[in-house]
Amino acid sequence: MAQLVRTVVIAALCVGAGALIIWGPRGGPPIDPDRVHVTYWEKWTDFEGAAMHALVDRFNATTGAERGIYVEYVATTNVDMKTMVATAGGDPPDLAGLWQRNVHSFAASDALTSLDERARSAGLRDGALLDIYEHACEYHGELFALPLTPSTIALYYNKDALAEFADALRDAGLDPERAPRTIAELDAYADIIQRSDARGDLELLAYLPGTAGSFAWFWQTWPIWFGGRLYDASQKRMLVDQPAFIDAYTWVSKYAERFDRRRVARFEAGLGNFASPDNPFISGHLAMVRQGPWFANTIRQFAPDIHYGVAPFPTIDGVPRAYYEEDVITVPRGARHPDEAWSFIEWLYTAPPQHYSPPDGSTGMGYEYYESRADGKTVRKPMPPLRPIEWLCWMHCKNNPLRNPDPAFVETHPNPAIEVHEALARAEHADTVPPLPNWAEIENEFVAAYADIWAAGPPVRERLRECQRRIDILTKLTETRLARHAVAYP
Amino acid sequence: MNKRVHNSDSAVHGLLWISPWLVGFAVFTLLPVVISGYWSFCDFDGLRPAVFTGTENWTTVLHDPLLHQTVRNTAIYAAFALPIGLALALGLALALSARIPGRAVWRAMIFLPTLMPLVAVGIIWMWVFNARYGLLNLVLGKLGITGPNWLTDPQWTMSSMVILGMWGIGNAMIIFIAALQDVPSELYESAALDGAGPWQRFRSVTLPMVSPAIFFNVVIGVIYVWQIFAAPYVMLPGGGPGRNAYFYTMYLYDLAFTYRRFGYACTLSWVQLAIILFLTALAFRFGRRWVYYRGALQ
Amino acid sequence: MTGRLQLRWLALIVAVLASVAFALPLLWMLGTSVKPIEEVTTASLRLLPEDPGNITKYARENYYSGRPHFTDANGIERTGHEGVLTSENVNFPVFLRNTVIVAVCGVLGMVLSSAIVAYGFGCIRWRGRGFFFGVLLATMMIPFPATMIPTYFIFKYLGWIGTLRPLWVPAWFAGAFNVFLLRQFFMQIPRELFDAGRIDGLSHWGIFWRIVMPLAKPALTVVALFHLIFVWNDFLAPLVYLHHQDTFTLALGLQFYQQQHGGTPWNTMMAACVLTVAPLVIVFLIAQKHLMGSMATSGLKA
């Protein structure tokens, strides 16, 4: 009997396997032999991915159909590594949606197709783009990428949480109606806004510097808020052992100590995923977070009822400083259809403003905006016609890469604080990821130092000096390696 | 002459039969090892042609702090996970060799985790190790112990990896069980007649008799630790805080496919090969002294 | 005799405790995979959801349909999460199909080629066989990472990067360990059977197919199982060779799902883990004896 059951199960498994191979699901759309198939790898999933997907569909139905091009959108985790390995393996996608931080290393190792000429003839090289976002796509002055969705980093704060502690804040001479402007104020808020549960576990903190790579994005920006810079282009040197770094990281270390390192770590481990209702800001565990403009989208998606405000991130002297970054689109070296790939990029930037409608069966969330009327009520309005690139940034709740955005972009933008982000993009003090070909390796050293300081609290000065020493070695190495191919560092 | 033809075939015939392996060996082992040997003297970024750089990579091996840390981490892991794992596996094998009810079920339950894909193992244990909502700390909490932050506290990440490793001792346990079955019961009986207690029986009969199995597990373990990759790669990318769980193969992978230092990564492949050969040879040399082979006695 | 009885009690207690400890993480996985999202991040040791009557509903949501919207405690409509099998970003059915392709092609090749090579080593006497067998044994010590980089460029040369071929074609060139295992088995086949075959006028090829292969079914099953488990487990090779999610295997797909932009909720993450390990558990239940038995003998005779 048991033997029979076994035979039946084995037979069923074999038949199942065979059926799966023959009739099983296959990824990707059917390929139309009359059109050039352009593969596009992009990091975005979820609503961000859906927005780009909608643009790809629109392109395929219009310009793509005219020119015989079909773009396939493929969501890809760790898209930078995948693209690099695939490029080295001779099987790159035609379009790759990378991060700004990848551009220089990819360009330096000859892994990207230059877009300089193409962009110039499309009129995208003479002031159409905002300088900071354009420069971030260049390596040795040559354009290797185009911005997709740029951002600046700001402080998102929960007005209700501040209101809850309003009396205590006022007693301490602080204003519960606004966000802290200096690091000293941030410290003062942090002393007041906190709560623990019966077991002594932290439940609410005003702010948490956090572990690199977790929800605490832009952990590397601390020196900037402390008035320093990450990199000195004239010396070609990271500035890790400089005073602003030491001050900043000493502050980070003390912050963890203040609430007891172990308790803080446990608190951190319990914080939920970014894009989920458990996001610590949304679930009420953190009153303030440092985030980019996309965060408005997360809030809109998971907790539209939160009363929040946005302000420049506090700095040591109260002078607003900007940190900017952007997602970019590139054509890897060895792509089979670079011209068709460029057609898509060009279309993003040059197609006329147009309307987009939500896909069938969706709630249409994100395709509308709210207008506050004089009587205090808000009304839902359909979004205005926009150019594809501006529509994408609008949908992602992010900044605009263009020097002169469509007025409707800012007016109707779903991020109520888009002015803050746009103003930061034009701020006097603005810094970003250093344009270094070996940034990935440097960043790794840098993350390790930061993580150490945050989690274990070693002497900051010594730890950073060690970090600088290793970075200098890596820099030297990269310089030598690039020189072998007659490429100048950085 | 006639006899030889009858009993043995020509070498060509034999080679023909083993040709699938020979071809595979030549293409997927020998050729890569040779190429890797050449590239270990080159600067190669995977996209542009390799540039010969002499012994540069090999000198870097001596001065690469991160490499030294990964070797140290791997050695620390081996130093804890192997002995503890073997002791646990042997202990469980002893318990599960006794005539107890449901023996097959207990064996199967302990063996099952060894079949789990390591990526799934990593993800499952990330959840088990979660400092606040994870199984482990909740159980410890019930016992009145405040569990540590397993994956975020640099002092605990290595311990977490060792604990994780214990989940996969089913293989070693099964091998020990089989070895225990082969121990002739007369040996126990005569030991009992000599008045030996359980501990003495274990020391003087069991341990010598299963020593070949211990030896086998040590060799397998030594080769295995240098290849640890999937679980820590998923759980603690980059080795976690302090990079205390950054293992050799993770660094090798990162060098090649993240930093595109293929030349240097090839050097490390060779170093890895050398380390494994050295340790295996050491195990054999050292093992001869205390491994007891029944055959030798007869 | 009481001493011996006490030892047996001790053994039973150890066995039960250890088994429970080993099974708990799996039960925890299973339990979390049928919990609603709001119950996942509560510090409670419950293995099942608070309302066990709704298990099928939660299971359907996590594994299949997802939960696009839900109303929270304050009566506010919120966005929920996707179900594993219907996720827009992650195509688990495709991952399963790819894994099965690699498994079927790989297992066929591995069994056949290993058997042929094992026959060459175990059933034919020829000059130099000892030497080559020694080489074969030595290759068992060479780990994949040590050859990974040049192998990658060999496959690049063949134009196979981004396809499933690098994952199963090498299996057609025999695996050292499997050859070793089968050779042991072949050498235990009585000599007389070979002689009888020869008297009947069979060539080696005939003896291999008509006599050795039918007799070796248990050993061949073990090789097939080992390779199947290997394929299901393999992570580094797919990670290196595959970049397009339409070609991902389950192990790689699982990591892909875990790493997705914005994070993955623990309940659907665990559901994905369950889906990945379930086929292996079924195979284990069918072939338990084979697997555990062969694991034991392979160890002792090495």
Side-chain angles (χ1 to χ4, degrees), chain B residues 7-9 11 13-14 17-18 20-21 23-25 28-29 32-33 35-36 92 95-96 98 100 106 108-113 115-120 123-124 127-128 132-133 135 138 171 174-175 177-179 198 213 216 223 227 229-230 234 249 252 256 262 265-266 269 272-273 276 280, chain C residues 7-8 11-12 14-15 18-19 22-25 28-29 41 43 45 113 116-117 119-121 124-129 132 136 139 141-143 145-147 149-151 170 173-174 179 229 232-233 235-236 240 251 254-255 258 266 269 273 276-277 280 284 288 292 295-297 299-300 302:
Chain B
N7 276 339
S8 84
D9 298 82
H13 202 100
W17 274 89
I18 66 161
W21 170 73
V23 173
F25 169 71
F28 299 121
T29 307
V33 168
I35 297 178
S36 169
L92 287 175
L96 291 172
I100 51 172
W106 312 130
M109 279 167 80
I110 292 171
F111 182 73
L112 184 60
L115 296 183
M116 299 289 139
L118 285 167
V119 175
I123 293 172
I124 294 167
W127 180 222
V128 170
R132 194 154 183 187
Y133 307 123
L135 174 70
L138 289 177
N171 276 336
I174 293 293
I175 290 169
I177 288 178
F216 174 78
I223 295 178
Q227 304 182 49
F229 180 77
V234 171
T249 299
L252 182 65
F262 287 102
C266 283
S269 306
Q272 183 183 33
L273 214 65
I276 287 177
T280 315
Chain C
L7 278 182
R8 270 171 65 191
L12 184 63
V14 168
S19 306
F22 274 71
L24 262 181
W28 185 243
M29 161 184 81
T41 44
L45 246 183
S113 60
I116 291 174
V117 174
Y119 187 88
F121 276 126
I124 305 178
R125 272 195 241 160
W126 48 284
R127 201 197 267 265
R129 128 180 132 155
F132 281 106
L136 178 117
T139 58
M141 279 195 297
I142 300 180
T147 55
I149 295 160
T151 310
F173 297 95
V179 170
I229 292 165
W232 228 267
N233 249 296
F235 175 64
L236 187 51
V240 170
L254 198 62
Q255 186 247 358
Q258 188 244 343
W266 280 112
M269 190 69 245
C273 286
T276 305
V277 303
L280 280 185
F284 173 69
Q288 212 194 99
M292 287 167 63
M295 198 65 82
T297 47
L300 267 192

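Just so we're on the same page: letters track the sequence lines, and every chain starts at 1.
- Here the side chains of C:T139 and B:F25 are in contact, with some heavy-atom distance below 4.5 Å.
- In this structure, the portions of B:T29 lying under 4.5 Å from any heavy atom of chain C include both its backbone and its side chain.
- Ring-plane geometry between C:F132 and B:W21 is classed as perpendicular, the angle between the planes exceeding 60 degrees on a 0 to 90 degree scale with a lower cut at 30.
- Residue B:A98 touches chain C through its side chain alone, counting heavy-atom pairs closer than 4.5 Å.
- The two residues B:I100 and C:R8 make their nearest non-hydrogen contact at CG2-O, 3.5 Å.
- Across all their heavy atoms, C:A11 and B:A95 have their closest contact at CB-O, 3.5 Å.
- Of all heavy-atom pairs between B:S269 and C:P145, the closest is OG-O, 3.8 Å.
- Only the side chain of C:Q258 comes within less than 4.5 Å of a heavy atom of chain B; its backbone N, CA, C and O stay farther away.
- Distance check: C:F284 CZ to B:M116 CE gives 8.5 Å after rounding to the nearest 0.5 Å.
- Using a 4.5 Å cut-off between heavy atoms, B:T280 contacts chain C through its side chain alone, with no backbone atom that close.
- Between chain C and the residues B:I110, B:I35, B:V23, the most heavy-atom pairs under 4.5 angstrom are made by B:I110.
- Interface summary for chain B: among C:L136, C:L280, C:V179, the most heavy-atom pairs under 4.5 angstrom belong to C:L136.
- Within the 4.5 angstrom heavy-atom criterion, atoms from both the backbone and the side chain of C:M141 approach chain B.
- Proximity to chain C (any heavy atom under 4.5 Å) is restricted, for B:L96, to the side chain, taken from C-beta onward.
- Among C:L254, C:L24, C:V14, the residue making the largest number of heavy-atom pairs under 4.5 Å with chain B is C:L254.
- Applying the ring-ring contact (aromatic ring centres under 6.0 Å, His included) criterion to B:W106, with sequence neighbours excluded, gives no partner residue.
- Residues C:I142 and B:I276 fail the side-chain proximity criterion, which asks for heavy atoms closer than 4.5 Å.
- The choice from B:A108, B:C266, B:P198, B:A265 that makes the most heavy-atom pairs within less than 4.5 Å of chain C is B:A108.
- Both the backbone and the side chain of B:I124 come within less than 4.5 Å of a heavy atom of chain C.
- For B:F28, the ring-ring contact (aromatic ring centres under 6.0 Å, His included) partners are C:F155, C:F173, not counting sequence neighbours.
- Rounding to the nearest 0.5 Å gives a distance of 11.5 Å between CG of B:L118 and CG of C:L236.
- C:I149 has its side chain out of reach of B:P32: every pair of non-hydrogen atoms, C-beta onward, lies at least 4.5 Å apart.
- What you find for C:N233 and B:P117 is that their closest heavy atoms are OD1-CA, 3.0 Å.
- Taking the side chain as every heavy atom from C-beta outward, C:F22 and B:L112 never approach each other to under 4.5 Å.
- Only the side chain of B:F229 comes within contact range of chain C, with at least one heavy atom under 4.5 Å from a heavy atom of that chain.
- The heavy-atom pair separating B:A230 from C:F235 by the smallest distance is CB-CD2, 3.6 Å.
- The shortest distance between side-chain heavy atoms of C:L45 and B:L135 falls below 4.5 Å.
- Highest contact tally toward chain B, considering only C:A174, C:G128, C:A18, is held by C:A18 [criterion: heavy-atom pairs under 4.5 Å].
- Closest non-hydrogen pair, B:I123 versus C:C273, comes out as CG2-SG, 3.8 Å.
- Contact annotation for C:L12: both backbone and side-chain heavy atoms come within less than 4.5 Å of a heavy atom of chain B.
- Taking 4.5 Å as the limit, every side-chain heavy atom of B:Y133 sits out of range of all side-chain heavy atoms of C:W266.
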